[in-house]
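Sharing a structure with you now.
The chains referred to below are lettered A, B, ... by the order of the sequence lines, with proteins before strands, and numbering in each begins at 1. Every value quoted in this text rests on a predicted model; they were computed, and no experiment measured them.
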2 protein chains.
Amino acid sequence: MSEIKQTSTNFSNKSALSDECPEAYASTIIGGQWTLVICSWLLGGKLRFGELKKKLPNITERMLTLQLRKLEENMIVRRTVYAEVPPRVEYELTQIGYDLKPIIKELENWGDRHKKLTGQ
Amino acid sequence: MSEIKQTSTNFSNKSALSDECPEAYASTIIGGQWTLVICSWLLGGKLRFGELKKKLPNITERMLTLQLRKLEENMIVRRTVYAEVPPRVEYELTQIGYDLKPIIKELENWGDRHKKLTGQ
DNA sequence: CTCATTACTTACATTTTTTATAGTACCTAA
DNA sequence: TTAGGTACTATAAAAAATGTAAGTAATGAG
C-alpha cells in the first residue's frame with residue numbers, strides 16, 4: 001500500500017485517469033476493500049481503533065491501520081490521539097468525509113437492487 | 001481477474017462483506033480501475049469496442065476486454081455481436097447499469113470538491 | 001494469393017493489495 | 001514482578017489486478 005512504484009505504467013495510468021475523470025479519482029480514494037465500510041460505520045459518529053475492529057470482525061489490525069492511514073492522508077478521516085495509558089485513539093469523519101454519506105446511501109440502494117435483480 | 005481463489009481468505013472476506021454491506025458489494029462491482037470510466041462513456045450511448053478503446057487511450061485491449069466481460073457478467077452492460085466481417089460488437093448499459101448515473105455524477109462532484117480541497 | 005480490418009485470446013511478467021504472524025511501548029493494577 | 005490492555009509496527013508471503021507482447025479467425029478488396 002505504501003510502496004507504489006511511481007515509474008510503473010499502472011501508476012501513470014491511474015494518475016492520468018484521475019486527472020481527467022473525477023469519478024476515477026474518487027474511486028481510487030474510496031476503492032479499498034474496507035474503505036466504504038469503515039466510512040459507513042463512522043457516519044454514525046467517532047469510533048476508537050478497537051471499536052472499529054469489533055465492527056469488522058475479519059479485518060487484520062494491519063489492514064485497519066493501513067486503511068485508516070490512507071483515509072487520514074486523504075483527509076476523509078480525522079485521527080485524535082489521547083495521551084493515556086493504555087492509548088486511546090479516536091477516528092471521525094471530516095466534512096468532506098461526511099459528504100460521502102449520500103454516495104454511500106445510493107451505493108447501498110443500488111447494491112440492494114442489483115442483488116435482487118441478479119438473485120445474489 | 002478470472003482466477004479468483006475461492007479458498008482464499010480474501011475471497012471469503014469479500015463474500016462476507018458483500019453479504020452484509022450492500023455498499024461493499026457495490027464497490028466490488030464498480031471498483032475496477034477502468035470500470036466507472038467505461039460506464040461514464042456508455043452513459044452517452046452504445047459504443048463499439050474500438051470506439052471505447054479510443055476514448056481510453058491508455059487501456060490495453062486485454063484490460064478493456066476483461067472489464068467489459070466483468071461488466072457483462074454483472075449485467076451492467078449488454079453486448080451485441082453482429083455477424084459481420086470484420087466483426088462489429090456494440091456495448092450499451094442495461095437498466096441497472098444506467099441506474100449508476102446519479103452515483104457517477106455524485107462521485108464526479110465529490111471528486112472535484114475533494115481535489116480542490118486538497119489542492120490536487 | 002495477399003493484405004487489411006476488427007475484436008478479441010493466450011501466455012507470461014510485473015505491480016499492487018491483502019493476509020499472516022509476531023512482535024513493541026506504555027502504564028496500571030494485582 | 002508480572003500480567004494485561006491498546007494501538008499500533010515489521011516482515012514475509014499469498015492473492016489479485018494490471019500490463020506486455022504476440023497471435024487468431026473470418027472475409028472481402030485488390
Legend entry - Heavy-atom donor-acceptor pair, A:T35 side chain to A:G31 backbone, under 3.5 Å: no

Inset, instruction - Would you indicate whether the side-chain heavy atoms of A:L52 and A:L68 approach each other to under 4.5 Å? - result: yes

Inset, instruction - Please examine the side chains of A:L36 and A:S40, heavy atoms only from C-beta on, and report whether any two atoms are closer than 4.5 Å. - result: no

Legend entry - Strand contacts (DNA chain C) in residues 46-55 of chain B, 4.0 angstrom heavy-atom criterion: B:R48, B:F49, B:G50

Inset, instruction - Output all residues satisfying salt bridge (Lys or Arg N to Asp or Glu O under 4.0 Å) with B:E84, sequence neighbours left out; order by chain, then residue number. - result: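 Partners of B:E84 by the salt bridge (Lys or Arg N to Asp or Glu O under 4.0 Å) criterion, ordered by chain and then number, come out as B:R88.
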
Inset, instruction - Respond yes when some side-chain nitrogen or oxygen of A:Q67 is under 4.0 Å from OP1 or OP2 of C:dT18, and no when none is. - result: yes

Inset, instruction - Using a heavy-atom cut-off of under 4.0 Å over every strand shown, decide if A:E84 touches base, sugar-phosphate, or nothing. - result: nothing

Inset, instruction - Decide yes or no for B:K70 and B:Q67: does some side-chain heavy atom of the first lie under 4.5 Å from some side-chain heavy atom of the second? - result: no

Legend entry - Separation of C:dA20 C1' from A:L66 CG (nearest whole Å):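 It works out to 13 Å between those atoms.
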
Inset, instruction - Ignoring backbone atoms, establish whether B:Q33 has a side-chain N or O less than 4.0 Å from OP1 or OP2 of C:dT16. - result: no

Legend entry - Min side-chain heavy-atom separation B:L107-A:P22 under 4.5 Å: no

Legend entry - ring-ring contact (aromatic ring centres under 6.0 Å, His included): pairs with one or both residues in residues 76-97 of chain A, sequence neighbours excluded: none

Inset, instruction - Go along nucleotides 25-30 of chain D 5' to 3' and tag each nucleotide: B for a protein heavy atom under 4.0 Å from its base, S when only backbone or sugar atoms are that close, - otherwise. - result: -BB---

Legend entry - Whole-Å gap separating C1' (D:dT18) and CD1 (B:I4):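 My rounded result for the distance is 16 Å.
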
Might you list the N or O atoms of the protein lying below 3.5 Å from N or O atoms in nucleotides 9-13 of chain D, with each pair's distance?
{"from": "D:dT9", "atom 1": "OP1", "to": "A:R69", "atom 2": "NH2", "distance (Å)": "3.1"}
{"from": "D:dT11", "atom 1": "O4", "to": "A:R62", "atom 2": "NE", "distance (Å)": "3.4"}

Inset, instruction - Starting at atom CH2 of B:W34, determine the distance to atom P of D:dT18, rounded to an integer number of angstrom. - result: 9 Å

Inset, instruction - Quick one: label B:Y91 by what it contacts on the DNA or RNA (base, sugar-phosphate, nothing), any heavy atom closer than 4.0 Å. - result: sugar-phosphate

Legend entry - Positions of residues 5-21 of chain B (non-hydrogen atom under 4.0 Å from DNA chain D), listed by number: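 By residue number: B:K5, B:S8, B:N10, B:K14.
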
Show me, pair by pair, the donor-acceptor contacts under 3.5 angstrom made by side chains of residues 94-102 of chain B, not counting sequence neighbours?
{"from": "B:T94", "atom 1": "OG1", "to": "B:M75", "atom 2": "O", "distance (Å)": "2.6"}
{"from": "B:T94", "atom 1": "OG1", "to": "B:I76", "atom 2": "O", "distance (Å)": "3.2"}
{"from": "B:T94", "atom 1": "OG1", "to": "B:G97", "atom 2": "N", "distance (Å)": "3.1"}
{"from": "B:Q95", "atom 1": "NE2", "to": "B:D99", "atom 2": "OD1", "distance (Å)": "2.8"}
{"from": "B:D99", "atom 1": "OD2", "to": "A:R113", "atom 2": "NH1", "distance (Å)": "2.9"}

Inset, instruction - Please report, rounded to the nearest Å, how far the C1' atom of D:dA7 is from the CG atom of A:L64. - result: 10 Å

Legend entry - Nucleotide D:dA14, atom C1' - distance to CE of A:M63 in whole Å: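 Value for this atom pair: 13 Å.
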
Legend entry - Under the side chain to side chain contact (heavy atoms under 4.5 Å, CB included) test, residues paired with A:E72 that sit two or more places apart: A:R69, A:R79

Legend entry - Pairs meeting criterion ring-ring contact (aromatic ring centres under 6.0 Å, His included) with involvement of residues 28-77 of chain B, two or more places apart: none

Legend entry - Partner set under side-chain hydrogen bond (donor to acceptor under 3.5 Å, both in side chains) for A:S27, not counting sequence neighbours: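 None.
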
Legend entry - Residue met sooner reading DNA chain D from 5', once A:R79 and B:N58 are mapped to nucleotides: A:R79

Legend entry - Atom pair distance, as rounded to whole Å: CD1 in B:I59 and P in D:dG19: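 These atoms are roughly 8 Å apart.
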
Inset, instruction - Indicate yes or no: at least one non-hydrogen side-chain atom of B:L42 is less than 4.5 angstrom from one of B:E92. - result: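 No, every pair of side-chain atoms sits at 4.5 Å or beyond.
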
Legend entry - Atom pair distance, as rounded to whole Å: NZ in A:K70 and C1' in C:dT16: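 That distance rounds to 11 Å.
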
Legend entry - Any pair counted as side-chain hydrogen bond (donor to acceptor under 3.5 Å, both in side chains), so long as it reaches residues 45-55 of chain B, sequence neighbours left out: B:K53-B:E61

Legend entry - Pairwise ring-ring contact (aromatic ring centres under 6.0 Å, His included) hits with a residue in residues 101-120 of chain A, at least two apart: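 Every pair satisfying ring-ring contact (aromatic ring centres under 6.0 Å, His included) with a residue in residues 101-120 of chain A: A:W110-A:H114, A:H114-B:Y25.
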
